[in-house]
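What follows is one structure encoded as structure tokens, with my remarks underneath.
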Amino acid sequence: MIEYGVLGPVAVIRDGEHVDLGTPMLRKVLGLLLCQDGRPIAADVMIDAIWDGQPPPTARKTLQVYVMRLRRALGDPGLITHTPAGYAIAIPPDSLDARTFVREARAGSAARSVGDLRAARSRFGTALEL
């Protein structure tokens with residue numbers, strides 16, 4: 001089981017253990033991928049974001065190395081794919097804290113709208129604890 005955290009420092013928990021991503025650049029690459037919520041992100045967009053619009057001449061190759069290291073750190077090379085559209089990460093259901101936050105906040109709003117304040121409080125509380 002793998003879990004991702006983006007509400008706070010970018011984090012990975014695999015089988016209950018925090019995964020050491022090593023460098024801040026790997027956290028940045030992972031954060032970019034997770035913010036796309038499983039959709040591909042073009043290498044050029046990633047390069048621009050990673051190096052704040054001023055990439056080094058070796059940026060494309062360096063990005064490939066970062067992705068290779070990230071795949072190794074995650075323990076499953078198949079989680080990050082590369083297609084002509086770009087890089088994408090597989091995010092299993094209920095494994096991204098931002099998704100859980102949105103789901104719980106929506107459930108809290110729905111409960112509030114029908115007058116179930118106890119359920120609303122519980123769901124909003126769960127969302128805020130993430």
Side-chain angles (χ1 to χ4, degrees):
M1 172 75 179
I2 193 160
E3 298 173 77
Y4 302 106
V6 293
L7 301 176
V10 173
V12 178
I13 300 171
R14 184 179 55 231
D15 299 326
E17 300 287 327
H18 283 273
V19 174
D20 181 10
L21 295 176
T23 69
M25 290 303 254
L26 290 187
R27 285 190 296 279
K28 194 178 244 191
V29 170
L30 179 59
L32 287 167
L33 291 168
L34 291 172
C35 285
Q36 290 298 305
D37 201 14
R39 296 179 306 276
I41 179 171
D44 289 340
V45 173
M46 292 182 74
I47 288 167
D48 190 52
I50 291 168
W51 285 282
D52 296 321
Q54 298 184 0
T58 60
R60 188 166 298 277
K61 182 65 178 168
T62 303
L63 174 61
Q64 292 170 349
V65 170
Y66 289 156
V67 169
M68 178 195 67
R69 289 180 183 166
L70 186 56
R71 285 176 174 142
R72 191 177 312 138
L74 295 176
D76 181 352
L79 288 176
I80 300 174
T81 57
H82 183 254
T83 67
Y87 290 98
I89 189 165
I91 306 172
D94 298 325
S95 65
L96 180 61
D97 62 355
R99 284 182 182 170
T100 304
F101 173 84
V102 169
R103 183 186 66 237
E104 292 297 320
R106 286 182 179 158
S109 292
R112 185 186 66 205
S113 71
V114 296
D116 188 349
L117 300 183
R118 181 167 289 155
R121 183 180 73 199
S122 174
R123 296 313 272 276
F124 285 136
T126 299
L128 292 174
E129 290 173 0
L130 295 172

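In this chain, numbering begins with 1 at the start of the sequence shown. In this text, all values refer to a predicted model and were calculated from it rather than measured experimentally. Just the heavy atoms: all of them, side chains too, but no hydrogens, waters or symmetry mates, feed the values below.
When hydrophobic clusters are built by joining Ile, Leu, Val, Met, Phe, Trp and Tyr residues whose side-chain heavy atoms come closer than 4.5 Å, directly or via intermediates, Val45 is grouped together with Ile80. With hydrophobic clusters built from ILVMFWY side chains whose heavy atoms lie under 4.5 angstrom apart, Val65 does not share a cluster with Val67.
Ring-plane geometry between Tyr66 and Trp51 is classed as parallel, the angle between the planes falling under 30 degrees on a 0 to 90 degree scale with a further cut at 60.
Looking at every heavy atom in both residues, Asp94 comes nearest to Met1 through O-CE, 4.4 Å. Taking each heavy atom of Leu30 and Ile89 in turn, the nearest pair found is CD1-CD1, 3.6 Å. Considering all non-hydrogen atoms of both residues, Val6 and Asp97 come closest at N-OD1, 2.9 Å. Residue Phe124 comes nearest to Ala105 through the heavy atom pair CE2-O, 3.4 Å, listed as atom of the first residue, atom of the second, then distance. Residues Ile91 and Gly38 approach most closely at CD1-N, 3.6 Å, considering heavy atoms. Shown here for Arg60 and Ala43, the closest heavy-atom pair between the two residues is NH1-CB, 3.4 Å.
Residue Lys61 holds its NZ atom at 10.5 Å from CG of Leu63, rounded to the nearest 0.5 Å. Here CG of Leu26 is found 9.5 Å from CE of Met68. Values are rounded to the nearest 0.5 Å. Between the CG atom of Asp15 and the CD atom of Glu17 there is a distance of 8.5 Å, given to the nearest 0.5 Å. Taking CG from Leu21 and NZ from Lys28, the interatomic distance works out to 14.5 Å, rounded to the nearest 0.5 Å.
Here the side chain of Arg14 pairs no donor or acceptor atom with the backbone of Val19 at under 3.5 angstrom. Not one N or O on the side chain of Arg72 forms a donor-acceptor pair closer than 3.5 Å with the backbone of Pro77.
In this structure, the side chains of Leu70 and Leu33 come closer than 4.5 Å at one or more pairs of heavy atoms.
The local environment of NE2 in His18 is sparse, with at most 12 non-hydrogen atoms from other residues, nucleotides or ligands closer than 6.0 Å. No more than 12 heavy atoms of other residues, nucleotides or ligands shown are found within 6.0 angstrom of CZ on Arg69.
Annotation: salt bridge (charged side-chain N to carboxylate O under 4.0 Å, His left out) contacts of Arg106 (sequence neighbours excluded): none.
Within the structure, every pair that satisfies the side-chain hydrogen bond (donor to acceptor under 3.5 Å, both in side chains) test and touches residues 107-130, not counting sequence neighbours, is listed here: Glu104-Arg123.
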